[in-house]
Amino acid sequence: MTDPVETFGRKAHDILRAEPGPAGVEKVRAALEPVLTDAAVRRRYFGPDNTAARTPIYEDKDLGFVVLAHVSKDSGVSKPHDHGPTWAIYGQVSGETEMTEYEEVAPARGDTPGTVRPTRTYRMTPGVAVAYGVGAIHAPTTTGPTQLIRIEGRDATRLPRRSYARPGD
């Protein structure tokens with residue numbers, strides 16, 4: 001049986017090879033949504049043995065994008081962030097995520113975080129994927145256990161990223 005994540009990864013590769021910009025990322029986002037509700041994906045990548053916050057489940061060596069399984073056992077509040085010089089797609093597998101998007105008010109400088117202003121807040125539910133372009137500032141909040149698939153245009157752990165403080169922090 002073919003692994004749905006491998007199949008998706010090859011499809012994403014073909015899409016991004018043909019259209020490497022925002023239109024291609026949007027097509028990858030749309031192609032991810034059916035994967036989020038696939039029972040085989042949930043069993044294989046989000047079963048009881050996966051308790052890691054970040055597990056790479058597909059990496060495209062040619063184009064550099066990485067697909068990650070994220071598991072959160074508890075609630076959590078992330079600080080506003082971007083993904084440095086790359087894009088990201090968040091896809092909800094289980095639970096709910098409240099996502100807030102921000103605009104920069106003052107840039108980060110050295111060790112001093114930048115400041116931001118919220119522009120939009122919405123709930124992500126299972127089967128929903130949202131794409132964030134290069135430099136898009138966002139912050140997820142969860143109120144209980146959640147599972148996500150996140151795609152990064154390049155592995156963000158290897159990239160410089162800016163930090164921001166939430167208003168009132």
Side-chain angles (χ1 to χ4, degrees), residues 3-38 41-42 44-46 50-73 76-104 107-108 113-114 116 119-120 122 124-142 146-164:
D3 177 0
V5 171
E6 288 288 327
T7 301
F8 166 77
R10 287 191 301 274
K11 182 176 187 175
H13 173 93
D14 292 345
I15 291 168
L16 294 169
R17 170 70 67 209
E19 274 185 272
V25 172
E26 177 57 25
K27 288 178 181 176
V28 170
R29 183 211 60 79
L32 176 63
E33 288 190 332
V35 176
L36 300 171
T37 57
D38 187 300
V41 170
R42 286 194 309 275
R44 179 163 184 187
Y45 298 106
F46 296 97
N50 183 358
T51 59
R54 176 188 169 100
T55 303
I57 58 176
Y58 182 89
E59 187 171 356
D60 187 288
K61 300 289 186 193
D62 182 34
L63 299 180
F65 69 88
V66 61
V67 180
L68 307 155
H70 283 277
V71 175
S72 175
K73 296 228 177 244
V77 178
S78 293
K79 289 195 176 276
H81 63 277
D82 63 15
H83 288 265
T86 193
W87 52 266
I89 300 171
Y90 286 66
Q92 196 77 32
V93 173
S94 72
E96 286 191 4
T97 298
E98 179 182 274
M99 189 67 79
T100 301
E101 296 178 9
Y102 296 87
E103 66 181 356
E104 186 177 72
V116 292
T119 58
R120 179 176 173 224
Y122 48 92
M124 293 179 59
T125 55
V128 172
V130 179
Y132 300 95
V134 173
I137 305 165
H138 54 282
T141 300
T142 58
T146 58
Q147 299 170 330
L148 298 166
I149 289 178
R150 187 171 79 205
I151 306 168
E152 297 170 344
R154 295 189 336 205
D155 183 346
T157 63
R158 300 177 188 153
L159 299 174
R161 296 168 69 178
R162 298 173 294 174
S163 63
Y164 297 93

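Residues take their numbers from the sequence shown, with the count starting at 1.
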Taken in chain and number order and not counting sequence neighbours, the residues that satisfy ring-ring contact (aromatic ring centres under 6.0 Å, His included) with H81 are H83, H138
Is a donor on one side and an acceptor on the other found under 3.5 Å between the side chain of S72 and the backbone of T146? no
CZ (R162) and CG (D82) are apart, to the nearest 0.5 Å, by 4.0 Å
In this structure, CD1 of I89 is separated from CG of L68 (nearest 0.5 Å) by 11.5 Å
Across all chains, not counting sequence neighbours, the side chain to side chain donor-acceptor pair (under 3.5 Å) partners of R17 are D62
Subject >> Distance-only donor-acceptor check, side chains Q92 and T97, under 3.5 Å >> reply: yes
Notebook entry, point to check: Under 3.5 Å, is there a donor-acceptor pair linking the side chains of D3 and Y45?
Noted result: yes
One should read off an interatomic distance between I15 CD1 and F8 CZ, to the nearest 0.5 angstrom, of 7.0 Å
Does some side-chain heavy atom of I149 sit less than 4.5 Å from a side-chain heavy atom of L32? yes
Notebook entry, point to check: Got P85 and R154 here, is their nearest side-chain heavy-atom distance under 4.5 Å?
Noted result: yes
Rounded to the nearest 0.5 Å, the CH2 atom of W87 sits from the CD atom of E152 at a distance of 9.0 Å
Please output the side-chain donor-acceptor pairs of residues 21-28 that fall under 3.5 Å, not counting sequence neighbours, one pair per line with the distance.
{"residue": "E26", "atom": "OE1", "partner": "R29", "partner atom": "NE", "Å": "3.2"}
{"residue": "E26", "atom": "OE2", "partner": "R29", "partner atom": "NE", "Å": "2.9"}
{"residue": "E26", "atom": "OE2", "partner": "R29", "partner atom": "NH2", "Å": "2.8"}
{"residue": "K27", "atom": "NZ", "partner": "E19", "partner atom": "OE1", "Å": "2.3"}

Applying side chain to side chain donor-acceptor pair (under 3.5 Å) to Y132 and not counting sequence neighbours gives Y122
Interatomic distance, OG1@T100 vs CD1@I137, rounded to 0.5 Å, equals 12.5 Å
Hits for side chain to side chain contact (heavy atoms under 4.5 Å, CB included) against K73, two or more places apart or cross-chain, chain-then-number order -> T51
| Do any N or O atoms from the side chain of E33 and from the backbone of A129 form a donor-acceptor pair under 3.5 angstrom? | yes
**OP:** For the residue pair T157 and R54, establish whether any side-chain heavy-atom pair is separated by less than 4.5 Å.
**Re:** yes
Taken to the nearest 0.5 Å, the spacing of M124 CE from T142 OG1 works out to 12.0 Å
Contacts of R10 meeting side chain to side chain contact (heavy atoms under 4.5 Å, CB included) (sequence neighbours excluded), chain-then-number -> T2, E6, T7, Y58
When every non-hydrogen atom of S94 is compared with those of P126, the smallest separation belongs to CA-CG, 3.9 Å
